[in-house]
Number of protein chains: 2
Amino acid sequence: METKGFEHHDHHHCIATSLRTAEEACKAQGLQFTPVRRRVLEILLDEHRAMGAYDVLDVLRKEGLGSQPPVAYRALDFLVANGFAHRIERLNAFVACAAPGERHAPCFLICRACSAVAETPGRRASDALRAAAGELGFKVERVAIEAEGLCPACVEADA
Amino acid sequence: METKGFEHHDHHHCIATSLRTAEEACKAQGLQFTPVRRRVLEILLDEHRAMGAYDVLDVLRKEGLGSQPPVAYRALDFLVANGFAHRIERLNAFVACAAPGERHAPCFLICRACSAVAETPGRRASDALRAAAGELGFKVERVAIEAEGLCPACVEADA
DNA sequence: CCGCGAACGTTATATCATAACACACACGAT
DNA sequence: ATCGTGTGTGTTATGATATAACGTTCGCGG
Ligand SMILES: [Zn+2]
Ligand SMILES: [Zn+2]
Ligand SMILES: [Zn+2]
Ligand SMILES: [Zn+2]
């Protein structure tokens, strides 16, 4: 998996690929990739940053796709449950998954200065956590690993 | 005996020690360990579980120590800022620190069945995270590591 | 046709958190 | 001694996030 948060990239391409991946995954698993769900994923991909449910809802409203909180929350829950997006606990916000389809323990780097969010593989951290939990007899089902600090650009600006 | 993390322990003793540690740390650092702050820490220690700010506030209200949200939030913020308590993002809740005074990267194991919360050293996971972040030029300042799953007791009950 | 489950639309409400301002008090400087 | 200043507290009001509950629609298999 590639980290996208702090680097330039071909964004049109990355949107198209993610959407197609989601579409195919839904078809393969018999999930309904409905217009609202699709559009919410598009919105997250467009912005390429962490968005609150109400931010997403604002966009849906303007487009006549839904006007009440449950519409946004249901679509977001679907995307999160199926690995197309992640919830960032620290921000009460959502972000499109940078590597949909791959089984992974996401790990987020959140810049406190510019609010950029990068998803990076958290496999090592996740393994360490599972090991520690296992020693206590705790059965880990989901892991949230989130770091707050300064992104490369803001570290420079700070200095 | 109550449950600390997932194990039994001498709870009266653990409350007393934690309170004393906080008291001494405040004195040493010139921080004000005011009645409200002290009482809030006691409340978190008493319950020995994750509590919402409003849960804490309910107790304060009954005791005439404060009746409005800012009172609870201010005290909790103080305790968190100084390492006497932690905030659990996943639960929007607070818990007394299990190792006050020691510099540590806390890591939480949250049981989805019984809501028990254990704090465990997250040093290995935290180190792994910092290493991954460092490769990207990200400067980590704070880390939140939270696992959701089944505690030992609930794993057994489940089987 | 009917029963069912999944998604959606809507209303209302629950839950979590902070802005803003007034007051009290401790403490060091004038 | 008085004044300014910083810090903590009390209070009102509001903002931000999230879900309960119920009715409607629609496709699908019995
Ligand atoms: Zn992109
Ligand atoms: Zn930044
Ligand atoms: Zn205890
Ligand atoms: Zn449990």
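Just so we're on the same page: letters track the sequence lines, and every chain starts at 1.
Residues passing the salt bridge (Lys or Arg N to Asp or Glu O under 4.0 Å) test with Glu135(B) are Arg124(A), sequence neighbours excluded. Here Phe138(A) pairs with Phe6(B) under the ring pair (Phe, Tyr, Trp, His ring centres under 6.0 Å) rule; sequence neighbours left out. Considering only residues two or more places apart in sequence or on other chains, Arg74(A) meets the salt bridge (Lys or Arg N to Asp or Glu O under 4.0 Å) condition with none of them. In this structure, the side-chain contact (heavy atoms from CB on, under 4.5 Å) partners of Asp46(A), at least two apart in sequence or on a different chain, are Ile15(A), Arg39(A). For Asp55(A), there are no salt bridge (Lys or Arg N to Asp or Glu O under 4.0 Å) partners at least two apart in sequence or on another chain. Considering only residues two or more places apart in sequence or on other chains, Asp77(B) meets the salt bridge (Lys or Arg N to Asp or Glu O under 4.0 Å) condition with none of them.
Counting non-hydrogen atoms under 4.0 angstrom, Leu57(A) reaches nothing in the nucleic acid. Across all strands shown, Leu76(A) has no heavy atoms under 4.0 Å from either base or sugar-phosphate atoms.
Nucleotides of DNA chain D that come within less than 4.0 Å of any heavy atom of chain B span, from the 5' end to the 3' end, dT7(D) to dT12(D).
For residues 83-101 of chain A, the set of pairs meeting the side-chain hydrogen bond (donor to acceptor under 3.5 Å, both in side chains) definition, not counting sequence neighbours, comprises His86(A)-His104(A), His86(A)-Glu119(A), Arg87(A)-Glu89(A), Arg87(A)-Asn92(A), Glu89(A)-Arg90(B), Arg90(A)-Glu148(A), Arg90(A)-Glu89(B). Evaluation of the side-chain hydrogen bond (donor to acceptor under 3.5 Å, both in side chains) test over residues 21-32 of chain B, restricted to residues two or more places apart or in two chains, returns Glu23(B)-Arg38(B). Legend: ring pair (Phe, Tyr, Trp, His ring centres under 6.0 Å) pairs involving residues 63-83 of chain A, not counting sequence neighbours: none detected.
Leu57(B) and Gly66(B) get closest at one heavy-atom pair: CD1-O, 4.1 Å.
For the pair Arg37(A) CZ and dG9(C) P, the interatomic distance rounds to 11 Å; values are reported in whole Å.
Across residues 22-31 of chain A, not one residue has a non-hydrogen atom less than 4.0 Å from an atom of DNA chain D.
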Going 5' to 3' through nucleotides 10-29 of chain C and flagging B where a protein heavy-atom sits under 4.0 Å of the base, S where only the sugar-phosphate is that close, and - otherwise, we get BB----BBBB----------
